[in-house]
Amino acid sequence: MKLENLLQQHFNYPSFRKGQREVISSILEGNHTIAMLPTGTGKSLCYQLPAYMLTGHVVIVSPLLSLMQDQAEQLMMNGEKRVIAFNSFLTLEEKQQALSQLYKYKFIFLSPEMLHANYVIQRLTELQIALFVIDEAHCISQWGYDFRPDYHKLGAVREKLGNPLTLALTATATPEVKEDIIQSLSLDNWKEFIYSVDRPNISLSVEAVDSFPEKTERLIELVNKLEGPGIIYFSSKKMSEQMASLLRERGVQDIAAYHGGMEQESRILIQQQFIQGQLNIICATSAFGMGINKENIRYIIHFHMPLQLESYLQEIGRAGRDGQKSVAILLYSPGDEQLPYQLAEGELPSDDQLTWLYHWITENPHALKYMSANELEIKRIAGLSDIQWRIIDNFLHSVTEDQLEESFNLIKNFSKDRLQVKRQKIKEIYRWIQLTECRRKNILNYFKEDNKIKIEDCCDICGLDYTKYYVSRTREDVIEGERGFHWKEHLAEILLSERI
DNA sequence: CGTGTTCCACATAAGTGGAACACGGTGCGTTATT
């Protein structure tokens, strides 16, 4: 049967979107496949359709619970009942029930952390896995080294499952990210479908200001003028909230803050309201974005610079999915690059912290054996963040006393190397900000791409007219506005006459 | 590094200047460990 017929039969779509057919064919031919598809929409079809043609179960690794729930729901809406999102939303009983009947599910969604648990792996090995899918696979590269180390253990998991046919899906497949994916999953043979990271309909701009207050004023001005919807990115939760309040005070409507420190409920609500158009502007940290399929975002402003160009591309890439003209503006004031440096350093244990911990362990009998039990105390005294602790804990797992010194040297070297990489990435985005030549050409070169075509409204260096992105008062708006004005006058007259 | 908060000296008292200090993002899992 032709793929188009199957597409019609199972999903009631008349035709494939760009790239889908090639990716699906590659999987059906039995190739491990890396797919970078241009937009967020339509990626899930790449595993959903093959699922119906392959014998066995499809395991999907997803980074966010909300993404898992969305995709599971989407499948169920399409009439597929053999779906489970195996995560912490389930009660203990539900989990046990699900595990004992795992063979009933065609689609099994899991986080990398859940997939790492032995009791889960064991059940999965009893099944025939037709396809092992890593959704948002760039997380392997961006989070796997420190923030979510289980992403780097997916290769081991994959091996335990008998190296099943694998599909990695992402929208950020830069050469470096791709290399991390291949390494981490230990793919030895694969096909890849990579499209350009360039988004010609998004104009790029960097504005340098002299100080923080000036940057704030410029932000207020831009938000008042630019046609929404828009996202403003901050590197601080507090700042995202404060600026949302300030903008509201300055007459900006339909605006809200969004960050990882907020209640899950409000996060979902704000995200929904933004997608449905009840909110026009979001002041967000990097927590906001993945899984946001909104077509008409018109601008992305960076109040703080991201920690790497890869993140920058992901964040601005949320604009203009409808193909309409959009703009990305990064506001820079001197010294801004210090915040990313601070964030990067907080992610890895310092030499001092490691030295202290080494002595603490050697001076306390059985300390090594009961490290996890003393987690809180150790973290407090050594001043270790959760992430720093996890890195150390990861290295010292199943280490004996006589291997201690060697292990600490490994941690020190690892931390040194990673910090070096992170600093290098900050230097690269800083360099890009200071640039005096075409920003698009430069960013594409960084990602080993050539841009052949000259684009209109390319970037601030090539020449860019902001007024194109300002709120346009269409004829209807003007008429509506005038009508409103007359109503107000009319109302005033009535009120006045009544008083008299 | 820059911003926000706290606290202290000052000294008609109340509020201010400014020194000192803290803080800064992304998420899964809580089923296993004396």
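Atoms considered below: every heavy atom in the structure, side chains included; atoms not considered: hydrogens, waters and symmetry mates. First the proteins, then the strands, lettered A, B, ... as listed; each starts at 1.
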For atom OH of A/Tyr145 and atom P of B/dG25, their distance in whole Å: 24 Å
From B/dC1, B/dC28, B/dT26, nucleotide with atom closest to A/Arg148 side chain: B/dC28
B/dT30 OP1/OP2 closer than 4.0 Å to side-chain N/O of A/Lys95: yes
A/Leu65, nearest nucleotide to its side chain (from B/dC28, B/dC1, B/dT31): B/dC28
Salt bridge present between A/Glu136 and A/Lys43 (N-O < 4.0 angstrom): yes
Spacing of A/Tyr233 atom OH relative to B/dG25 atom C1', expressed in whole Å: 12 Å
Nearest-neighbour nucleotide for the A/Ala287 side chain, B/dT26, B/dG25, B/dC28 considered: B/dT26
Sugar-phosphate, base or nothing in reach of A/Pro334, heavy atoms under 4.0 Å: sugar-phosphate
OP1 or OP2 of B/dT30 under 4.0 Å from side-chain N/O of A/Tyr119: yes
Separation of the C1' atoms in B/dG27 and B/dC21, to the nearest angstrom: 30 Å
Selected nucleotide, minimal atom distance to A/Met114 side chain, candidates B/dG29, B/dG27, B/dT26: B/dG29
Identity of whatever pairs with B/dA32 - Watson-Crick or G-U, under 3.5 angstrom: none
Atom pair distance, as rounded to whole Å: CZ in A/Phe147 and C1' in B/dG29: 12 Å
Sugar-phosphate only, base, or nothing, as touched by A/Asn87 at under 4.0 Å among non-hydrogen atoms: sugar-phosphate
Short N-O contact, A/Arg218 and A/Glu221, less than 4.0 angstrom: yes
Residue-phosphate contact under 4.0 Å: A/Thr285 side-chain N/O, B/dT26 OP1/OP2: yes
Ring centre gap for A/Phe303 and A/Tyr233 strictly below 6.0 Å: no
Interatomic distance, A/Phe86 CZ vs B/dT30 C1' [rounded to whole Å]: 13 Å
A/Ser236 side-chain N/O to B/dC23 phosphate OP1/OP2 under 4.0 Å: no
A/Tyr312/A/His302 aromatic ring centres below 6.0 Å: yes
Mate of B/dA13 where both pairing distances stay under 3.5 Å, Watson-Crick or G-U: none
Nearest-nucleotide comparison on DNA chain B, the residue closer to the 5′ end among A/Tyr370 and A/Asp386: A/Asp386
Under 3.5 Å on both distances, the Watson-Crick or G-U partner of B/dC23: B/dG2
Verdict with supporting geometry, A/Tyr145 and A/His152, ring pair (Phe, Tyr, Trp, His ring centres under 6.0 Å): CA-CA 7 Å; A/Tyr145 288 98; A/His152 265 195; 4.3 Å; yes
A/Asn364 CG to B/dT34 C1', straight-line distance once rounded to whole Å: 14 Å
Nearest-neighbour nucleotide for the A/Gln338 side chain, B/dG27, B/dC1, B/dT31 considered: B/dC1
Euclidean distance, atom NZ of residue A/Lys153 to atom C1' of B/dG29 [Å, nearest integer]: 12 Å
Distance between C1' atoms of B/dG15 and B/dA11 (Å, rounded): 12 Å
B/dG24 to B/dC28 separation - C1' atoms, rounded to the nearest Å: 22 Å
Sugar-phosphate, base or nothing in reach of A/Leu64, heavy atoms under 4.0 Å: sugar-phosphate
Distance between P atoms of B/dT26 and B/dT30 (Å, rounded): 22 Å
Length of the line joining A/Ile268:CD1 and B/dG27:C1', which is rounded to integer Å: 14 Å
Gap in Å between the two P atoms, one belonging to B/dG29 and one to B/dG25, rounded: 23 Å
A/Gln242 side-chain N/O to B/dG4 phosphate OP1/OP2 under 4.0 Å: yes
Salt bridge A/Lys153-A/Asp150, side-chain N to carboxylate O under 4.0 Å: yes
Residue whose nearest DNA chain B nucleotide is more 5′ - A/Ser88 or A/Leu343: A/Leu343
Atom-pair distance (CD on A/Glu345; P on B/dG2), nearest Å: 16 Å
Residues A/Lys379 and A/Asp386 bridged, charged N to O under 4.0 Å: yes
Sugar-phosphate, base or nothing in reach of A/His304, heavy atoms under 4.0 Å: nothing
Out of B/dG27, B/dG29, B/dT31, whichever nucleotide has its closest atom nearest the side chain of A/Arg390: B/dG27
